[in-house]
Amino acid sequence: MRILVTGGAGYIGSHTVRQLLVTGHEVTVYDSLEHGHRQAVPAANLVVGDLRDIDHVDNLLLVNRIEAVIHFAALAHVGESVTSPAKYYTNNLLYSLLLLDRCRRNGIQKFVFSSTCATYGVPEGSGGITSPTGNPVPITEGEKQNPVNPYGNTKLAFERALADYAGAYPFGFCALRYFNAAGAAEDGTLGEDHNPETHLIPLVFQAATGKIPHVTVFGTDYPTPDGTCVRDYIHVDDLARAHILALGKIVPGSKFAYNVGIGRGYSVREVIAVAEEVTGLKVPVKEGPRRAGDPPALVADASKIRKELGWSAKYNNLRAILETAWRWHKSHPNGFAE
Ligand code: UDP
(Lines give C-alpha, C1' and ligand atoms only; values in the text may rest on other atoms or scores of the structure.)
Protein backbone atom coordinates (compact mmCIF):
# COMPACT_ATOMS: atom_id res chain seq x y z
CA MET A 1 0.00 0.00 0.00
CA ARG A 2 1.12 3.60 -0.58
CA ILE A 3 1.03 5.23 2.82
CA LEU A 4 1.61 8.75 4.12
CA VAL A 5 2.88 8.76 7.70
CA THR A 6 2.62 12.12 9.44
CA GLY A 7 5.05 12.48 12.32
CA GLY A 8 6.84 9.44 10.95
CA ALA A 9 10.26 10.60 12.17
CA GLY A 10 9.10 10.69 15.79
CA TYR A 11 9.38 7.98 18.41
CA ILE A 12 6.39 5.73 17.68
CA GLY A 13 6.22 6.88 14.05
CA SER A 14 9.76 5.82 13.21
CA HIS A 15 9.34 2.35 14.72
CA THR A 16 6.14 1.95 12.70
CA VAL A 17 7.78 3.20 9.49
CA ARG A 18 10.50 0.60 9.87
CA GLN A 19 7.91 -2.19 10.15
CA LEU A 20 5.89 -0.80 7.23
CA LEU A 21 8.98 -0.87 5.01
CA VAL A 22 9.87 -4.40 6.12
CA THR A 23 6.35 -5.57 5.24
CA GLY A 24 6.68 -4.11 1.74
CA HIS A 25 4.63 -0.91 1.96
CA GLU A 26 5.59 2.25 0.08
CA VAL A 27 6.03 4.94 2.68
CA THR A 28 6.16 8.73 2.51
CA VAL A 29 7.06 10.29 5.85
CA TYR A 30 5.81 13.82 6.43
CA ASP A 31 7.51 15.38 9.43
CA SER A 32 8.47 18.92 10.44
CA LEU A 33 11.56 17.56 12.25
CA GLU A 34 10.65 19.88 15.10
CA HIS A 35 10.43 16.84 17.36
CA GLY A 36 11.30 14.08 14.90
CA HIS A 37 14.75 13.00 13.70
CA ARG A 38 15.98 12.50 10.18
CA GLN A 39 18.28 9.72 11.44
CA ALA A 40 15.23 7.79 12.69
CA VAL A 41 13.96 7.17 9.14
CA PRO A 42 17.08 6.49 7.07
CA ALA A 43 15.29 4.16 4.64
CA ALA A 44 12.09 6.14 4.07
CA ASN A 45 11.14 8.88 1.64
CA LEU A 46 11.15 11.82 4.09
CA VAL A 47 9.35 15.04 3.17
CA VAL A 48 10.03 17.84 5.62
CA GLY A 49 6.96 19.95 6.20
CA ASP A 50 4.38 21.16 8.63
CA LEU A 51 0.73 20.13 8.70
CA ARG A 52 -0.26 23.78 8.77
CA ASP A 53 0.96 23.85 5.17
CA ILE A 54 -2.00 21.75 4.13
CA ASP A 55 -1.62 22.42 0.40
CA HIS A 56 1.81 20.81 0.58
CA VAL A 57 0.19 17.72 2.13
CA ASP A 58 -2.61 17.76 -0.41
CA ASN A 59 -0.08 17.76 -3.22
CA LEU A 60 1.72 14.77 -1.69
CA LEU A 61 -1.53 12.83 -1.38
CA LEU A 62 -2.16 13.40 -5.06
CA VAL A 63 1.31 13.06 -6.55
CA ASN A 64 2.30 10.01 -4.48
CA ARG A 65 -1.13 8.42 -5.07
CA ILE A 66 -1.51 7.81 -1.34
CA GLU A 67 -3.97 5.07 -0.35
CA ALA A 68 -3.78 5.29 3.45
CA VAL A 69 -2.69 7.76 6.09
CA ILE A 70 -1.22 7.00 9.49
CA HIS A 71 -1.42 10.17 11.53
CA PHE A 72 1.10 10.44 14.37
CA ALA A 73 1.99 14.14 14.15
CA ALA A 74 0.79 15.70 17.39
CA LEU A 75 1.87 17.24 20.66
CA ALA A 76 1.64 14.77 23.51
CA HIS A 77 2.52 16.34 26.84
CA VAL A 78 -0.32 16.21 29.32
CA GLY A 79 1.14 18.87 31.62
CA GLU A 80 1.91 21.30 28.79
CA SER A 81 -1.59 20.85 27.39
CA VAL A 82 -2.99 22.16 30.67
CA THR A 83 -0.89 25.33 30.58
CA SER A 84 -0.93 25.86 26.77
CA PRO A 85 -4.25 24.51 25.49
CA ALA A 86 -4.19 26.77 22.42
CA LYS A 87 -1.11 24.95 21.15
CA TYR A 88 -2.87 21.61 21.57
CA TYR A 89 -6.16 22.59 19.95
CA THR A 90 -4.30 24.10 17.00
CA ASN A 91 -1.80 21.29 16.42
CA ASN A 92 -3.78 18.27 17.48
CA LEU A 93 -7.28 19.23 16.41
CA LEU A 94 -7.24 22.00 13.83
CA TYR A 95 -4.39 20.58 11.72
CA SER A 96 -5.79 17.06 12.04
CA LEU A 97 -9.15 18.25 10.75
CA LEU A 98 -7.45 19.93 7.79
CA LEU A 99 -5.61 16.69 7.04
CA LEU A 100 -8.77 14.63 7.36
CA ASP A 101 -10.66 16.76 4.92
CA ARG A 102 -7.87 16.67 2.37
CA CYS A 103 -7.94 12.89 2.73
CA ARG A 104 -11.64 12.92 1.94
CA ARG A 105 -11.19 15.17 -1.05
CA ASN A 106 -8.41 12.92 -2.38
CA GLY A 107 -10.51 9.78 -1.97
CA ILE A 108 -8.36 8.24 0.76
CA GLN A 109 -10.34 5.52 2.47
CA LYS A 110 -8.02 4.25 5.23
CA PHE A 111 -6.83 6.26 8.18
CA VAL A 112 -5.02 5.13 11.35
CA PHE A 113 -5.00 7.61 14.21
CA SER A 114 -2.76 7.84 17.26
CA SER A 115 -5.29 8.19 20.02
CA THR A 116 -4.66 7.76 23.70
CA CYS A 117 -5.85 6.34 26.99
CA ALA A 118 -6.00 10.00 28.06
CA THR A 119 -9.40 10.09 26.31
CA TYR A 120 -10.80 8.04 29.20
CA GLY A 121 -9.95 10.59 31.88
CA VAL A 122 -10.43 9.06 35.29
CA PRO A 123 -12.39 5.98 34.31
CA GLU A 124 -15.33 4.88 36.37
CA GLY A 125 -14.53 1.53 37.93
CA SER A 126 -10.79 2.02 37.62
CA GLY A 127 -8.53 5.05 37.75
CA GLY A 128 -7.15 4.15 41.13
CA ILE A 129 -10.30 2.56 42.46
CA THR A 130 -8.59 -0.74 42.91
CA SER A 131 -9.90 -4.26 42.63
CA PRO A 132 -9.75 -6.59 45.66
CA THR A 133 -6.23 -7.64 44.58
CA GLY A 134 -5.04 -4.05 44.83
CA ASN A 135 -4.59 -3.70 41.08
CA PRO A 136 -6.42 -1.09 39.03
CA VAL A 137 -9.32 -2.44 37.00
CA PRO A 138 -8.33 -2.54 33.31
CA ILE A 139 -10.17 -0.18 30.98
CA THR A 140 -12.16 -1.53 28.04
CA GLU A 141 -12.99 0.46 24.91
CA GLY A 142 -16.57 0.64 26.21
CA GLU A 143 -15.45 2.85 29.09
CA LYS A 144 -16.92 6.34 29.01
CA GLN A 145 -14.51 8.79 27.36
CA ASN A 146 -14.28 11.79 29.61
CA PRO A 147 -10.81 13.39 29.40
CA VAL A 148 -9.37 15.36 32.32
CA ASN A 149 -6.81 17.36 30.32
CA PRO A 150 -6.77 19.34 27.05
CA TYR A 151 -4.50 16.74 25.41
CA GLY A 152 -7.17 14.07 25.92
CA ASN A 153 -9.89 16.49 24.82
CA THR A 154 -8.19 17.18 21.48
CA LYS A 155 -7.66 13.48 20.80
CA LEU A 156 -11.26 12.61 21.65
CA ALA A 157 -12.61 15.44 19.52
CA PHE A 158 -10.69 14.10 16.53
CA GLU A 159 -11.86 10.52 17.18
CA ARG A 160 -15.41 11.89 16.94
CA ALA A 161 -14.67 13.69 13.67
CA LEU A 162 -13.28 10.44 12.26
CA ALA A 163 -16.44 8.58 13.26
CA ASP A 164 -18.63 11.20 11.62
CA TYR A 165 -16.59 11.05 8.41
CA ALA A 166 -16.76 7.25 8.39
CA GLY A 167 -20.52 7.50 8.81
CA ALA A 168 -20.97 9.88 5.90
CA TYR A 169 -18.21 9.29 3.33
CA PRO A 170 -16.45 6.29 1.75
CA PHE A 171 -13.90 6.36 4.54
CA GLY A 172 -12.83 4.09 7.39
CA PHE A 173 -10.49 4.51 10.32
CA CYS A 174 -8.87 2.86 13.29
CA ALA A 175 -8.11 4.87 16.43
CA LEU A 176 -5.42 3.17 18.47
CA ARG A 177 -5.65 4.26 22.07
CA TYR A 178 -2.09 4.05 23.22
CA PHE A 179 -1.23 3.50 26.82
CA ASN A 180 2.37 4.48 27.72
CA ALA A 181 4.77 3.84 24.84
CA ALA A 182 8.18 2.72 26.08
CA GLY A 183 11.27 0.76 25.07
CA ALA A 184 13.35 0.75 21.91
CA ALA A 185 14.00 -1.39 18.85
CA GLU A 186 15.59 -4.72 19.82
CA ASP A 187 18.73 -4.03 17.74
CA GLY A 188 19.45 -0.79 19.63
CA THR A 189 19.43 1.45 16.54
CA LEU A 190 16.13 3.23 17.12
CA GLY A 191 14.73 4.65 20.33
CA GLU A 192 13.24 7.52 22.25
CA ASP A 193 14.79 10.99 21.87
CA HIS A 194 12.79 13.98 23.07
CA ASN A 195 14.13 17.44 23.68
CA PRO A 196 13.37 18.44 26.33
CA GLU A 197 12.78 14.99 27.81
CA THR A 198 9.69 14.81 30.02
CA HIS A 199 8.92 11.09 30.05
CA LEU A 200 9.48 9.00 33.11
CA ILE A 201 11.62 6.15 31.77
CA PRO A 202 14.29 8.19 29.93
CA LEU A 203 14.46 10.55 32.92
CA VAL A 204 14.99 7.62 35.28
CA PHE A 205 17.95 6.49 33.14
CA GLN A 206 19.32 10.03 33.02
CA ALA A 207 19.14 10.19 36.81
CA ALA A 208 20.76 6.75 37.15
CA THR A 209 23.70 7.81 34.99
CA GLY A 210 24.13 11.22 36.64
CA LYS A 211 23.03 13.24 33.63
CA ILE A 212 20.37 14.87 35.81
CA PRO A 213 20.63 15.06 39.61
CA HIS A 214 17.43 13.12 40.34
CA VAL A 215 14.05 12.09 38.98
CA THR A 216 11.03 13.69 40.61
CA VAL A 217 8.08 11.47 41.50
CA PHE A 218 5.00 13.49 40.58
CA GLY A 219 2.64 12.81 43.47
CA THR A 220 2.78 10.26 46.26
CA ASP A 221 -0.76 10.64 47.56
CA TYR A 222 -2.75 9.00 44.77
CA PRO A 223 -5.34 6.36 45.70
CA THR A 224 -3.08 3.59 44.39
CA PRO A 225 -1.29 0.81 46.29
CA ASP A 226 1.94 2.83 46.82
CA GLY A 227 0.52 6.33 46.34
CA THR A 228 2.15 6.94 42.93
CA CYS A 229 0.52 6.90 39.49
CA VAL A 230 0.02 3.55 37.80
CA ARG A 231 0.50 3.25 34.05
CA ASP A 232 0.47 0.43 31.50
CA TYR A 233 3.79 0.56 29.61
CA ILE A 234 3.66 -0.88 26.11
CA HIS A 235 6.71 -1.62 23.99
CA VAL A 236 6.99 0.69 21.00
CA ASP A 237 7.46 -2.21 18.56
CA ASP A 238 4.32 -3.91 19.86
CA LEU A 239 2.52 -0.62 19.42
CA ALA A 240 3.95 -0.23 15.91
CA ARG A 241 2.70 -3.69 14.93
CA ALA A 242 -0.84 -2.71 15.91
CA HIS A 243 -0.77 -0.06 13.15
CA ILE A 244 0.22 -2.57 10.49
CA LEU A 245 -2.55 -4.94 11.57
CA ALA A 246 -5.10 -2.12 11.69
CA LEU A 247 -4.25 -1.04 8.14
CA GLY A 248 -5.02 -4.51 6.88
CA LYS A 249 -8.47 -4.45 8.43
CA ILE A 250 -9.87 -1.01 7.60
CA VAL A 251 -12.52 -0.75 4.87
CA PRO A 252 -14.88 2.13 4.12
CA GLY A 253 -17.26 2.47 7.04
CA SER A 254 -14.83 0.98 9.58
CA LYS A 255 -14.98 2.77 12.92
CA PHE A 256 -12.45 0.78 14.90
CA ALA A 257 -11.02 1.80 18.25
CA TYR A 258 -8.60 -0.38 20.17
CA ASN A 259 -6.70 -0.07 23.40
CA VAL A 260 -3.05 -0.97 23.06
CA GLY A 261 -1.36 -1.92 26.32
CA ILE A 262 -0.04 -5.02 28.07
CA GLY A 263 -2.89 -5.14 30.57
CA ARG A 264 -0.71 -4.69 33.61
CA GLY A 265 -0.01 -1.50 35.51
CA TYR A 266 3.23 -0.37 37.15
CA SER A 267 3.51 2.49 39.61
CA VAL A 268 6.14 5.22 39.27
CA ARG A 269 7.97 3.65 42.20
CA GLU A 270 7.87 0.24 40.51
CA VAL A 271 9.30 1.71 37.30
CA ILE A 272 12.19 3.15 39.31
CA ALA A 273 12.77 -0.14 41.14
CA VAL A 274 12.80 -2.20 37.91
CA ALA A 275 15.12 0.37 36.29
CA GLU A 276 17.53 -0.05 39.19
CA GLU A 277 17.49 -3.83 38.64
CA VAL A 278 18.03 -3.52 34.90
CA THR A 279 20.81 -0.92 35.11
CA GLY A 280 22.45 -2.11 38.33
CA LEU A 281 22.54 1.59 39.27
CA LYS A 282 20.91 3.57 42.04
CA VAL A 283 18.31 6.09 40.86
CA PRO A 284 18.32 9.32 42.90
CA VAL A 285 14.68 10.21 43.58
CA LYS A 286 12.87 13.25 44.97
CA GLU A 287 9.21 13.30 45.82
CA GLY A 288 7.24 16.20 44.36
CA PRO A 289 3.66 17.36 43.96
CA ARG A 290 1.20 15.88 41.49
CA ARG A 291 1.48 16.93 37.85
CA ALA A 292 -1.70 18.64 36.62
CA GLY A 293 -3.92 16.45 34.46
CA ASP A 294 -2.62 13.03 35.58
CA PRO A 295 -5.27 10.39 36.37
CA PRO A 296 -4.22 8.02 39.18
CA ALA A 297 -4.21 4.80 37.15
CA LEU A 298 -4.55 3.79 33.50
CA VAL A 299 -4.35 0.12 32.63
CA ALA A 300 -5.56 -1.37 29.34
CA ASP A 301 -7.92 -4.20 28.74
CA ALA A 302 -6.52 -5.07 25.31
CA SER A 303 -8.64 -8.17 24.70
CA LYS A 304 -10.50 -6.51 21.80
CA ILE A 305 -7.41 -5.93 19.65
CA ARG A 306 -6.13 -9.41 20.51
CA LYS A 307 -9.40 -10.96 19.39
CA GLU A 308 -10.17 -8.81 16.36
CA LEU A 309 -6.70 -8.12 14.93
CA GLY A 310 -4.77 -11.10 16.29
CA TRP A 311 -2.38 -8.68 18.01
CA SER A 312 -0.41 -9.62 21.10
CA ALA A 313 2.38 -8.00 23.10
CA LYS A 314 5.74 -9.66 22.57
CA TYR A 315 7.11 -7.67 25.52
CA ASN A 316 4.61 -8.48 28.24
CA ASN A 317 6.38 -7.16 31.29
CA LEU A 318 8.13 -3.97 32.29
CA ARG A 319 11.54 -5.55 32.79
CA ALA A 320 11.69 -6.79 29.18
CA ILE A 321 10.64 -3.33 27.95
CA LEU A 322 13.17 -1.51 30.12
CA GLU A 323 16.00 -3.77 28.96
CA THR A 324 15.52 -2.56 25.38
CA ALA A 325 15.21 1.07 26.51
CA TRP A 326 18.40 0.78 28.59
CA ARG A 327 20.33 -0.72 25.66
CA TRP A 328 19.32 2.27 23.51
CA HIS A 329 20.11 4.74 26.30
CA LYS A 330 23.58 3.29 26.85
CA SER A 331 24.50 3.36 23.19
CA HIS A 332 22.83 6.75 22.52
CA PRO A 333 23.11 8.79 25.75
CA ASN A 334 22.42 11.94 23.72
CA GLY A 335 19.79 10.37 21.50
CA PHE A 336 20.37 10.65 17.75
CA ALA A 337 22.74 13.61 18.17
CA GLU A 338 26.00 11.65 17.88
N1 UDP B 1 6.24 11.00 36.01
C2 UDP B 1 6.96 11.28 37.16
N3 UDP B 1 8.10 12.03 37.03
C4 UDP B 1 8.55 12.51 35.83
C5 UDP B 1 7.84 12.19 34.66
C6 UDP B 1 6.66 11.43 34.79
O7 UDP B 1 6.57 10.89 38.26
O8 UDP B 1 9.59 13.18 35.80
C9 UDP B 1 5.01 10.19 36.10
C10 UDP B 1 3.77 10.87 35.52
O11 UDP B 1 3.12 11.62 36.53
C12 UDP B 1 2.95 9.67 35.05
C13 UDP B 1 4.00 8.61 34.68
O14 UDP B 1 5.21 9.03 35.33
O15 UDP B 1 2.18 9.15 36.09
C16 UDP B 1 4.26 8.52 33.20
O17 UDP B 1 4.48 9.84 32.70
P18 UDP B 1 5.09 10.14 31.27
O19 UDP B 1 5.32 11.61 31.20
O20 UDP B 1 6.25 9.25 31.03
O21 UDP B 1 3.95 9.68 30.25
P22 UDP B 1 2.41 10.15 30.15
O23 UDP B 1 1.65 9.30 31.12
O24 UDP B 1 2.34 11.60 30.45
O25 UDP B 1 2.07 9.84 28.74
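For the numbers below, each heavy atom of this structure counts, side chains included, while hydrogens, waters and symmetry mates do not.
Residue Leu98 holds its CG atom at 11.0 Å from SG of Cys103, rounded to the nearest 0.5 Å. We find the OG1-CZ distance between Thr189 and Arg327 to be 11.0 Å, quoted to the nearest 0.5 Å. To the nearest 0.5 angstrom, Arg264 atom CZ is 9.5 Å from Asn316 atom CG. To the nearest 0.5 Å, atoms CG (Leu176) and CD1 (Ile12) are separated by 10.0 Å. Asn153 CG to Gln145 CD: the interatomic distance, rounded to the nearest 0.5 Å, is 11.0 Å. Put simply, CG on Asp238 and CD1 on Ile262 are 9.0 Å apart, with the number rounded to the nearest 0.5 Å.
Contact detail for Ala74 and Lys155: the closest heavy-atom pair is CB-NZ, 3.5 Å. Listed here is the closest heavy atom pair of Ser81 and Pro150: O-CG, 3.0 Å. Between Leu247 and Met1, the shortest heavy-atom distance links the atoms O-CE, 4.0 Å. Summarising the geometry of Val215 relative to Val283, their closest heavy-atom pair is CG1-CG1, 3.8 Å, with the distance given to 0.1 Å. Closest of all the heavy-atom pairs between Ala161 and Leu97 is CB-CD2, 3.6 Å. Summarising the geometry of Ala208 relative to Leu281, their closest heavy-atom pair is O-CD1, 3.7 Å, with the distance given to 0.1 Å.
Hydrophobic clustering, with ILVMFWY side chains joined whenever heavy atoms are under 4.5 angstrom apart, keeps Tyr222 apart from Tyr266. In the hydrophobic clustering of ILVMFWY residues, with side-chain heavy atoms under 4.5 Å counting as a link, Val41 and Val48 come out together. Linking Ile, Leu, Val, Met, Phe, Trp and Tyr residues whenever their side-chain heavy atoms come within less than 4.5 Å leaves Phe72 and Ile54 in two separate clusters. Val29 and Leu239 fall within the same hydrophobic cluster, where Ile, Leu, Val, Met, Phe, Trp and Tyr residues are linked whenever their side-chain heavy atoms come under 4.5 Å apart, directly or through other members. Under a hydrophobic-cluster definition in which Ile, Leu, Val, Met, Phe, Trp and Tyr are linked whenever side-chain heavy atoms come within less than 4.5 Å, directly or via other members, Leu100 and Tyr89 are assigned to the same cluster.
The aromatic ring centres of His71 and Tyr30 sit 6.0 Å or more apart. For an aromatic pair to be called close, the ring centres must be under 6.0 Å apart, and Tyr11 with His199 fails this.
Within the hydrophobic cluster formed by Ile, Leu, Val, Met, Phe, Trp and Tyr side chains joined at under 4.5 Å, directly or through other members, Tyr88 is accompanied by Leu75, Val78, Tyr151. Hydrophobic cluster membership of Leu62, counting Ile, Leu, Val, Met, Phe, Trp and Tyr whose side-chain heavy atoms lie under 4.5 Å apart directly or via other members: none, as it forms a cluster of its own.
The side-chain heavy atoms of Tyr165 and Leu162, taken from C-beta on, include no pair separated by under 4.5 Å. Residues Ile70 and Leu20 have side chains in contact (heavy-atom distance under 4.5 Å, counting atoms from C-beta outward). His329 is not listed as a side-chain neighbour of Glu192, based on a closest heavy-atom distance of 4.5 Å or more. Counting heavy atoms from C-beta outward, Thr220 and Arg269 have side chains that approach closer than 4.5 Å. In this structure the side chain of Phe336 reaches within 4.5 angstrom of the side chain of Leu190, judged on heavy atoms. Side-chain contact between Asn259 and Phe179 is present, with at least one heavy-atom pair separated by less than 4.5 Å. Using a 4.5 Å heavy-atom threshold, the side chains of Val69 and Leu99 count as touching. Residues Asn106 and Ile66 fail the side-chain proximity criterion, which asks for heavy atoms closer than 4.5 Å.
In summary, Glu323 and Arg319 engage in a salt bridge, as defined by a charged side-chain N under 4.0 Å from a carboxylate O. Comment: Glu270 does not engage Arg231 in a salt bridge, judged by the lack of any side-chain N to carboxylate O separation of less than 4.0 angstrom. For the pair Arg38 and Asp31, the salt-bridge criterion is not met [side-chain N within less than 4.0 Å of a carboxylate O]. A salt bridge is absent between Arg160 and Asp164; no separation between the charged side-chain nitrogens and carboxylate oxygens falls under 4.0 Å.
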>> Test side-chain contact (heavy atoms from CB on, under 4.5 Å) on Arg52 and Leu94; report intermediate values, then the result.
In response: CA-CA 9 Å; Arg52 83 172 74 104; Leu94 178 60; over 6 Å; no

> Where do Phe205 and Thr279 land on the side-chain contact (heavy atoms from CB on, under 4.5 Å) test, with the steps shown first?
Replying inline: CA-CA 8 Å; Phe205 290 149; Thr279 61; 3.7 Å; yes

> Step by step, would you call Asp50 with Tyr95 a side-chain contact (heavy atoms from CB on, under 4.5 Å)?
Replying inline: CA-CA 9 Å; Asp50 201 292; Tyr95 295 160; 4.3 Å; yes

>> If you apply the rule side-chain contact (heavy atoms from CB on, under 4.5 Å), what do you find for Glu276 with Val285, and how did you get there?
In response: CA-CA 12 Å; Glu276 287 186 333; Val285 172; 5.7 Å; no

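Of the possible donor and acceptor atoms, one in the side chain of Arg241 sits under 3.5 Å from a partner among the backbone N and O of Ser312. A distance-only check finds a donor-acceptor pair linking the side chain of Asn317 to the backbone of Ala320 [under 3.5 Å]. At least one donor-acceptor pair under 3.5 Å links the side chain of His235 to the backbone N or O of Asp237. Without hydrogens or angle criteria, Asp232 side chain to Leu298 main chain gives no donor-acceptor distance under 3.5 Å. In this structure a side-chain-to-backbone donor-acceptor pair under 3.5 Å is present from Ser331 to Trp328. With hydrogens and angles disregarded, no donor-acceptor distance shorter than 3.5 Å links the side chain of Ser254 to the backbone of Phe256. Panel note: side chain Ser115, backbone Arg177; no donor-acceptor pair is recorded below 3.5 Å. A donor-acceptor contact shorter than 3.5 Å is absent between the side chain of Thr324 and the backbone of Gly183. Proximity of a side-chain donor or acceptor of Arg291 to a complementary backbone N or O of Gly79 within less than 3.5 Å is not detected. Checked by atom type and distance alone, the side chain of Asp301 never pairs as donor or acceptor with a backbone atom of Pro138 at under 3.5 Å.
Between His194 and His77, the two ring planes are perpendicular [angle over 60°; tilted spans 30° to 60°].
A cation-pi contact, defined as under 6.0 Å to the ring centre and within 45° of the axis, is absent between Arg104 and Phe171.
Checking each of Phe113, Tyr178, Trp311 against His243 for a ring pair (Phe, Tyr, Trp, His ring centres under 6.0 Å) leaves exactly one that passes, namely Tyr178. Screening Asp226, Val271, Thr228 for a side-chain contact (heavy atoms from CB on, under 4.5 Å) involving Val217 leaves a single residue, Thr228. The one candidate from Lys249, Arg306, Lys307 that meets the side-chain contact (heavy atoms from CB on, under 4.5 Å) condition with Tyr258 is Lys249.
Heavy-atom neighbours of Lys144 NZ from other residues, nucleotides or ligands within 6.0 Å: at or below the threshold of 12.
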